[in-house]
Amino acid sequence: MTNFKLEIAKKISQIVNLEEKEIENYIEIPKEINNGDYAFPCFKLARSLKKSPIDIADNIKENIELDEKIFTNIEVVGGYLNFFVNKELFAEEVLQSVSQNDEYGKSEIGKGKNIVIDYSSPNIAKTFHIGHLRTTVIGSALYNIYKYLGYNVTGINHIGDYGTQFGKLIEGYKRWGTEYNLEENPIEKLTEIYVRISNACKEDETILEECRNNFKKLEEGEPYCKELWKKFKDVSLKEFQKVYDILGTKFDSWNGEAFYIDKMGEVVELLEKSGKLVESQGAKIIDLEDKGMAPCIIEKTNGSSTYATRDLAAILYRARTYDYDKALYVTSYEQVLHFKQIFEVAKLLGLDEKYIKGLEHISYGMVLLETGKMSTRDGNVIKLEDLLNEAIQRAEKIIEEKNPNLENKDEVAKKVGIGAVIFNDLANSRVKDEIFNWNNVLNFQGETGPYIQYTYVRTKSIVEKAGGVPDIKDIKVKYLQDDISSKIIKLIYNFEDILTQVVDKNEPSILSRYLIEVAKNYSNFYNENKIIVDDSEIQNTRVYVTYAVGKILKIGSKLLGIEMPDKM
RNA sequence: GGGUCAAUAGCUCAGUUGGAUAGAGCACACGCCUUCUAAGCGUGGGGUCGGGAGUUCGAAUCUCUUUUGGCCCA
């Protein structure tokens, strides 16, 4: 493909005394279509050249020698130099590159780079609720997109399968285990047991003592405790898997916290060697006051480990095992300080600087209920499974209304319902909090997943009706000169750039927004133009654009973790 | 108290390194299905970009300050 920006930069640098690179950076893409395809703002040169921006623009315009095949026009508008590219050439190149590539937008820019993404990571024996959705879908989307750009990606579900709460659960199960049938509804039952034993602990210190004792035994590897712990873990994972199956979430590693139990000793040793590990009130800490942070506790007063120690052990392990260039942690912003501390302390582990630089916390906003924060303890959580099922049901109802004769209704309802839920969580910037509202999440109109699916289904049905994808040789780009067509071509061209933006910022919403934009413009195109017409040149051209749009929508959605139905 | 993130239309949000007239969706009102799927398209109203100061050719965007809210730490 012609690099238009570079072309402009080259020519301008011949006239003004600036590096190509710098000029390329200044060149922007006008919002208004009347202002051309690329613009060079001359204001930045005004001071150094001691001339008015308009004079500079005029001067460049007069002296620049652009290839007329590539650019059709240059205009000076209020200090801007606006460039108009040859629409026909542009459209031809863009459609050409779509046609040659089944995996349009795929690239090798990440070749040789290893990315580790830690996402989802739920706690054993706790409800998988709507709050866990964001980490799961954001992590998955990043996983897919990094991979598409050629990175070698490892997805890790860092299960929360360790901690003092297991001492309690074991005690509860020892006491009343026979009263609960864990097979039936494991997590609910375990939660009940947990609440019951917690209350019992509050009333009777000796019970709490027993719980602590159990945890100690678990750490020492006492068989019965270990067996129970394993049981809790197994039934929980089975529950989680149900949700992952519905969402289509995959992981390469399920190494959770327990995996690092025997790897924490080394962390303590290394920190001790660094000389920074100090005693404070009986605990071992790393003081971070000079960094403006609270101290990082490595070992508690009673000698037991902390989250921090496990995370540090994980960093060591991941650096050695995956030789990562980036290690991403997708968790809510509640943990911002925690990761800041961990990343600071990680500098003391003697790892190569590369591994420290690669650590990145991908934080996102909270999911709140209208009544406030969710709490497993208080039982005011919305189970993710319930949400997904409700979404599927609503989709079914709409299909029944709009398209009762549709085949595979169940399958389509699933794709649409789940698509709506996933898209809803990926559509906004990560930082935004989300106040959960059934009607918002399960809205299928406007800027939603189903809207993209609907648009895709349309493209699919048109291509089918036209008798398949036309040969690229049979299209005439002169029919794509109008504003809407140009906009669509430009959007298709931008796809790869959008994907690189996503990984630059670790922000999948950039892709979500883009897909909406594509769908919207195509819907516009669809309503303005009849696509299947008598004139075969016009038809072939429009069908080809339709096909290209469908391709983008499908690839893009797939990267977000959203499946496309063929009909809906 | 310290740190941190946010604040843009009635609601939910976009707004690329500062750039041309601040944009969508929802909701509301009206219009568009005998021809490619109306889960769609179009038109319309609706704004002190939380307030104030500064930086400069130019600020929703950067700096300072202030208000409100979320989160984390003690």
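So that the names make sense, note that chain A is the first sequence line, chain B the second, and so on, each numbered from 1.
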* Answer yes or no on whether A:Arg458 is positioned over the face of A:Tyr526, meaning its NZ or CZ is under 6.0 Å from the six-membered ring centre and within 45° of the axis. => yes

* Asked: Using a cut-off of 4.0 Å on non-hydrogen atoms, how would the nucleic acid contact of A:Ile399 be classed: base, sugar-phosphate, or nothing?
  -> base

* Mind checking the C1' distance from B:G23 to B:C30? Whole angstroms is fine. -> 22 Å

* Asked: Looking at A:Arg394 and A:Glu390, does any basic side-chain N land under 4.0 Å from a carboxylate oxygen?
  -> yes

* To do: Can you tell me, in whole Å, how much space there is between the P of B:G47 and that of B:A24?
  => 15 Å

* Asked: 5'-most contact on RNA chain B: A:Asn35 or A:Thr455, nearest heavy atom basis?
  -> A:Asn35

* Asked: Hey, is the side chain of A:Lys520 poking within less than 4.0 Å of OP1 or OP2 on B:C41, counting only N and O atoms?
  -> no

* Look at the side chain of A:Tyr451 and decide which nucleotide, out of B:C41, B:C36, B:A6, has an atom nearest to it. => B:C41

* Asked: Within the structure, does a side-chain N or O atom of A:Ser461 lie under 4.0 Å from either OP1 or OP2 of B:U37?
  -> yes

* To do: Choose from B:A6, B:A20, B:C41 the nucleotide whose nearest atom is closest to any side-chain atom of A:Val431.
  => B:A6

* Name the closest nucleotide to the A:Ile398 side chain, picking from B:A39, B:U37, B:C41. => B:A39

* Distance, nearest 0.5 Å, that separates OG1 of A:Thr306 from NZ of A:Lys300 -> 7.0 Å

* Give a yes or no on whether the ring-centroid distance for A:Phe4 and A:Phe90 is below 6.0 angstrom. => yes

* To do: Kindly point out which of B:U35, B:C41, B:A20 is positioned nearest to the side chain of A:Asn527?
  => B:C41

* Remember a base hit wins even if backbone is also touched, and classify A:Met568 as base, sugar-phosphate or nothing at under 4.0 Å, heavy atoms. => base

* Asked: How are the rings of A:Phe343 and A:Tyr329 set relative to one another: parallel (under 30°), tilted (30 to 60°) or perpendicular (over 60°)?
  -> tilted

* **Nucleic acid contacts - residues 434-448 of chain A versus RNA chain B, non-hydrogen atoms under 4.0 Å** => A:Phe444, A:Gln445, A:Gly446, A:Glu447

* Do A:Tyr547 and A:Tyr544 have their ring centres less than 6.0 Å from each other? -> yes

* Structure fact -> Under a 4.0 Å heavy-atom cutoff, the residues of residues 328-346 of chain A touching RNA chain B are A:Tyr333, A:Glu334, A:Leu337

* Reckon A:Lys402 has a side-chain N or O less than 4.0 Å from the OP1 or OP2 of B:A39? -> yes

* Please work out which of the three classes, parallel, tilted or perpendicular, describes the rings of A:Phe525 and A:Tyr522, given edges at 30° and 60°. => tilted

* **Is_stacked (A:Tyr526, B:G40) at 5.5 Å, 30 deg** => no

* To do: For the side chain of A:Asn428, starting at C-beta, report the closest nucleotide among B:C57, B:U35, B:C13.
  => B:C13

* Rounded distance (Å) that lies between atom P of B:G40 and atom OH of A:Tyr456 -> 19 Å

* Asked: Starting at the 5' end of RNA chain B and moving along, which residue's nearest nucleotide shows up first, A:Lys505 or A:Pro30?
  -> A:Lys505

* To do: Could you work out the separation of B:A9 and B:A74 based on their P atoms and round it to a whole Å?
  => 37 Å

* Base orientation of B:C32, syn vs anti, 90° cut from 0 -> anti

* So, is A:Lys31 close to the B:A20 phosphate, meaning a side-chain N or O under 4.0 Å from OP1 or OP2? -> yes

* Tell me which nucleotide among B:C71, B:A39, B:A6 gets nearest to the side chain of A:Val416. => B:A39

* Taking the same atom, P, in B:G69 and in B:C28, what whole-Å distance lies between them? -> 32 Å

* Asked: Thinking salt bridges, do A:Glu22 and A:Lys44 make one under a 4.0 Å N-O criterion?
  -> no

* To do: Determine if A:Tyr80 stacks with B:A20; use a centre-to-centre distance below 5.5 Å and an interplanar angle below 30° as the criteria.
  => yes

* Sequence neighbours excluded, every pair satisfying side-chain hydrogen bond (donor to acceptor under 3.5 Å, both in side chains) that has a member inside residues 127-138 of chain A -> A:Ser120-A:Thr136

* **Between B:U21 and B:A7 - P atom distance, rounded Å** => 24 Å

* Within the 6.0 Å centroid threshold, strictly below: A:Phe83 and A:Tyr38 -> no

